[in-house]
Amino acid sequence: MSVGTHPTFENSPPGTVLTSPPDGSAVDRATGAARRVVDALLRTDRGNANLARVAEELNSIAEHLEEHAPAVAERLIDMWNGEGVTRHDPVTGPENALAPPLVLEGLPDGSVRGTVTLTIPYQGPPGHVHGGVSALLLDHVLGVANAWGGKAGMTAQLSTRYHRPTPLFEPLTLTGKLISVDGRKITTAGDIRTADGQVCVSVEGLFVDKSVPRPR
Ligand SMILES: CCCCCCCCCCCC(=O)SCCNC(=O)CCNC(=O)[C@H](O)C(C)(C)COP(=O)(O)OP(=O)(O)OC[C@H]1O[C@@H](n2cnc3c(N)ncnc32)[C@H](O)[C@@H]1OP(=O)(O)O
C-alpha cells in the first residue's frame with residue numbers, strides 16, 4: 001500500500017494534523033447535526049410524545065439526501081479521488097456520522113496522538129466504551145501511525161488487551177507508533193489512556209504491505 005504524499009515524521013513538523021478535522025462546510029455541519037441526533041435519540045425520554053413525528057421528519061430528510069445521491073459506484077470514485085486524507089472513514093471522517101470524529105496529530109518521535117470524549121452511542125458495559133469501538137479506533141490510529149512512519153498496509157492481525165473498563169464522558173488519549181518493519185510486515189502498537197494516564201486498552205497490530213485498488 002502506498003502512503004502517496006502523506007506527511008511523515010521525517011519530512012513534516014511536529015504537531016502536523018494527519019486527519020481531516022471538521023472544517024465548517026455544510027456537509028460537515030450536517031454530519032455534526034446527525035451525530036447530535038444519534039446521541040439525542042438515545043438520551044431523550046422514552047415517553048417523548050413527539051417521537052412518531054421525529055421519525056417522519058428524519059425519514060423525510062433521508063429521502064431528500066437519497067434523491068440527491070449519485071450511484072454508489074460513482075460516489076465511491078469521488079470519495080477515493082486524489083491522494084488526500086479520507087473524509088469518510090468511520091474513525092476520523094468529518095463526513096461520517098459514525099466517526100466521533102477523532103483528530104490525530106504526528107509527534108516528532110514517530111508516534112501519533114489524539115484526544116476524544118466518547119458518549120452514549122459508543123457504550124458497551126454500563127457507562128463505558130464498547131470493546132469493539134476501542135478496537136476500531138485503535139486499528140485506525142495504528143494505520144495513521146504507519147503513514148506518519150512512512151509505511152502503509154492492511155491489518156492482518158490486531159491483538160487487543162482490555163486492561164480496565166474505558167470510561168465514557170471523559171477525555172481519552174489514543175496513541176500509536178510504528179515499531180518495526182520486516183519485509184512486507186509492519187508491527188505497530190498503541191493504546192487508549194484516561195487523562196490521568198491509566199491504560200485502558202493496548203493493542204499490537206501486524207500490518208502487511210498490500211493495497212486494495214481504488215475505484216476508478
Ligand atoms: C495519514 C492517513 C493515512 C491513511 C490511514 C488509513 C488507516 C486505515 C487503517 C485501517 C486498516 C484496516 O482496517 S485494513 C482492513 C482490514 N484488513 C483486511 O481486510 C485484510 C484482509 N487480509 C488480507 O487482505 C491478506 O490476508 C493480507 C493482505 C493481510 C495478507 O495477504 P498476502 O498479501 O497474500 O500476504 P501473506 O503472504 O499472506 O502474508 C505476508 C506475510 O505476513 C504473514 N502474516 C499474514 N497474516 C498474518 C497473521 N495474521 N499473523 C502472523 N503473520 C501473518 C505471513 O505469514 C507472511 O509472512 P512471511 O512468509 O513473509 O514471513
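Read the numbers this way: they start at 1 and go in the same order the structure lists the ligands and their atoms. FYI, the numbering just counts along the sequence from 1. Keep in mind that this is a model prediction, so the values were computed, not measured.
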Show me which atoms of ligand 1 lie under 4.0 Å from any heavy atom of [X].
{"X": "L18", "answer": "1 (C)"}
{"X": "A147", "answer": "1 (C), 3 (C)"}
{"X": "Q157", "answer": "48 (C), 49 (N), 50 (N)"}
{"X": "M154", "answer": "18 (C), 19 (O), 20 (C)"}

R87 atom CZ, neighbour heavy-atom count above 12 within 6.0 Å:
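More than 12 within 6.0 Å, yes.
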message: Would you say that more than 12 heavy atoms from the other residues, nucleotides or ligands in this model lie under 6.0 Å from the CZ of R164, or not?
response: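 It does: R164 CZ has more than 12 such atoms within range.
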Subject >> Part of L206 within contact of ligand 1 (heavy atoms, under 4.0 Å) >> reply: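 The side chain, only.
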Once you restrict to heavy atoms under 4.0 Å, what part of V208 touches ligand 1? Side chain, backbone, both or neither.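 Side chain only.
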Next on the checklist: Hydrophobic clusters here meaning ILVMFWY residues chained together by side-chain heavy-atom distances under 4.5 Å, can you tell me if L206 and L178 are in one?
Outcome noted: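 As far as the 4.5 Å side-chain criterion goes, L178 and L206 are not connected within one cluster.
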Just distances here: any N/O of H6 and N/O of ligand 1 closer than 3.5 Å?
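No, H6 has no N/O under 3.5 Å of an N/O on ligand 1.
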- request: Could you name the option among K210, R184, K185 that has the heavy atom nearest to atom 60 (O) of ligand 1?
  value: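 Of the listed residues, K185 has the closest heavy atom.
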| request: Over all heavy atoms of both residues, which pair between E95 and R75 is shortest? Give the atoms and the distance, please. | output: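 Scanning both residues, the minimum pair turns out to be OE1-NH2, 3.8 Å.
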- Query: With T19, which of V141, L104, D89 fulfils side-chain contact (heavy atoms from CB on, under 4.5 Å)?
  - Reply: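 Looking at V141, L104, D89, the match for T19 under the side-chain contact (heavy atoms from CB on, under 4.5 Å) is L104.
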Do T31 and N96 pair up side chain to side chain, a donor and an acceptor below 3.5 Å, judged on atom types alone?
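Checked: T31/N96 side chains show no N/O donor-acceptor pair below 3.5 Å.
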